[in-house]
Amino acid sequence: MQLSNLEHLPNHTITERLDVVYGSTVRTKHVGKDFLAGLKNIVGGELVAYTQLLEEARTEAVERMIAKATQLGADAIVGVRFSTSNVAAGASEIFVYGTAVKAIRNTPNHQDIPRYNPFGE
Amino acid sequence: MKDVTAFILNNLQIVIAVVLFFVGWYFGRANEHKHLAKLDEDEKLLAHIIISNERFYMPITQTDGQLVMGSVSVAQDRFKLVFADFLSLFGRNLTVYENLLERARREAVVRMKRLAQSHGYNQIYGIRIETSSIDAGGVEVLAYGTAVMSETNPKVSPRLP
């Protein structure tokens, strides 16, 4: 599954748009790690545990989105966006969404494919 | 001597707050300096990767692209938290938070670039940078974009250590 946060896919031509797909996770921090993060708050610096936690959560959300796109028979997801929100004290939701599309790879002798220009001409 | 001990014990909470304030000031400053020095170094190392946030621009490429992400959460130190409360009395720029956000954004972009570099890409476009706050007093920044191997990128990657 190819992912792109643009309106197109590099080196591909989109042939069909299927549906908007999304994935989300709600996560809280481990109590012990939260305590350590509280200590880190005295001296500043990176909160490695939080970075890892959010990265894992984001990977999971993306995987859920990909599962939905696979069900639709999509080749790729374009226009991917991430958003994070605090839903409860100490818990945050990671939400990711995009458009599932069918796409074909451009062949080397197929350079002059019509490229979509939103500004006209 | 006895008086001093009695004073400390009677005002334990205040004493702890003051101690944490200065501990935060010293280590926070040290951490920030170290981080900024490392950022300068990393940015120089990854300077050959062109980044832009244009969505419709298409670099010339024969290979597929990939979504790359970089994220970081940075805690604010105690000194700056207290100082921010003080500054907000006057409704001016919260300079201490401006610094924190800038550091976090630069770090997120550096991580995104490093991921692109490790996959052999030399250009990232359509970049989005997103910020959210952490309960404990800090920020989380996510940077993401589409990395491609661009044929028109004239910059040569430096030797990696």
TODO: Could you tell me which portion of B/E130 (side chain, backbone, both or neither) has an atom closer than 4.5 angstrom to a non-hydrogen atom of chain A?
DONE: side chain
Task: chain A contact via B/T63 - side chain, backbone, both or neither, heavy atoms under 4.5 Å - done: backbone
Open item on the list: Angle between ring planes, B/Y125 versus A/H8, binned at 30° and 60°: parallel, tilted or perpendicular?
Closed with: tilted
Task: Contacts with chain A made by residues 27-37 of chain B (heavy-atom distance under 4.5 Å), listed by residue number - done: B/F27, B/G28, B/N31
Distance-only donor-acceptor hits, side chain of residues 69-78 of chain A, under 3.5 Å, sequence neighbours excluded:
residue: A/T70; atom: OG1; partner: A/I66; partner atom: O; Å: 2.6
residue: A/D75; atom: OD2; partner: A/A103; partner atom: N; Å: 3.0

Open item on the list: Measuring from atom CG of B/D42 to atom CD of B/E107, what distance do you get when rounded to the nearest 0.5 angstrom?
Closed with: 7.0 Å
Open item on the list: Please evaluate residues B/S150 and B/Q123 with respect to the criterion side chain to side chain donor-acceptor pair (under 3.5 Å), reporting the C-alpha separation (whole Å), side-chain torsions for both, the decisive distance (0.1 Å), and the verdict.
Closed with: CA-CA 6 Å; B/S150 167; B/Q123 184 153 7; 3.0 Å; yes
Task: CD on B/Q66 to CG on A/L9, rounded to 0.5 Å - done: 11.5 Å
- [ ] Could you tell me which portion of B/F21 (side chain, backbone, both or neither) has an atom closer than 4.5 angstrom to a non-hydrogen atom of chain A?
- [x] neither
TODO: Examine whether an atom of B/V72 lies under 4.5 Å from a heavy atom of chain A, and if so say whether it belongs to the side chain, the backbone or both; otherwise answer neither.
DONE: both
Open item on the list: Does any backbone or side-chain atom of B/L142 lie under 4.5 Å from a heavy atom of chain A? Answer side chain, backbone, both or neither.
Closed with: side chain
Task: From CG (B/L39) to CD (B/E41), nearest 0.5 Å - done: 10.0 Å
- [ ] Go through the steps to decide whether B/E140 and A/R58 satisfy the test salt bridge (charged side-chain N to carboxylate O under 4.0 Å, His left out), and finish with yes or no.
- [x] CA-CA 13 Å; B/E140 201 253 339; A/R58 215 164 268 134; 3.2 Å; yes
Open item on the list: Against the six-membered ring of A/Y22, is A/K68 placed for a cation-pi contact (under 6.0 Å from the centre, within 45° of the normal)?
Closed with: yes
Task: Per-residue contact mode, B/T146 against chain A (heavy atom under 4.5 angstrom) - done: both
Open item on the list: Quick check on B/F22 against chain A: is it the side chain, the backbone, both or neither that has a heavy atom closer than 4.5 Å?
Closed with: neither
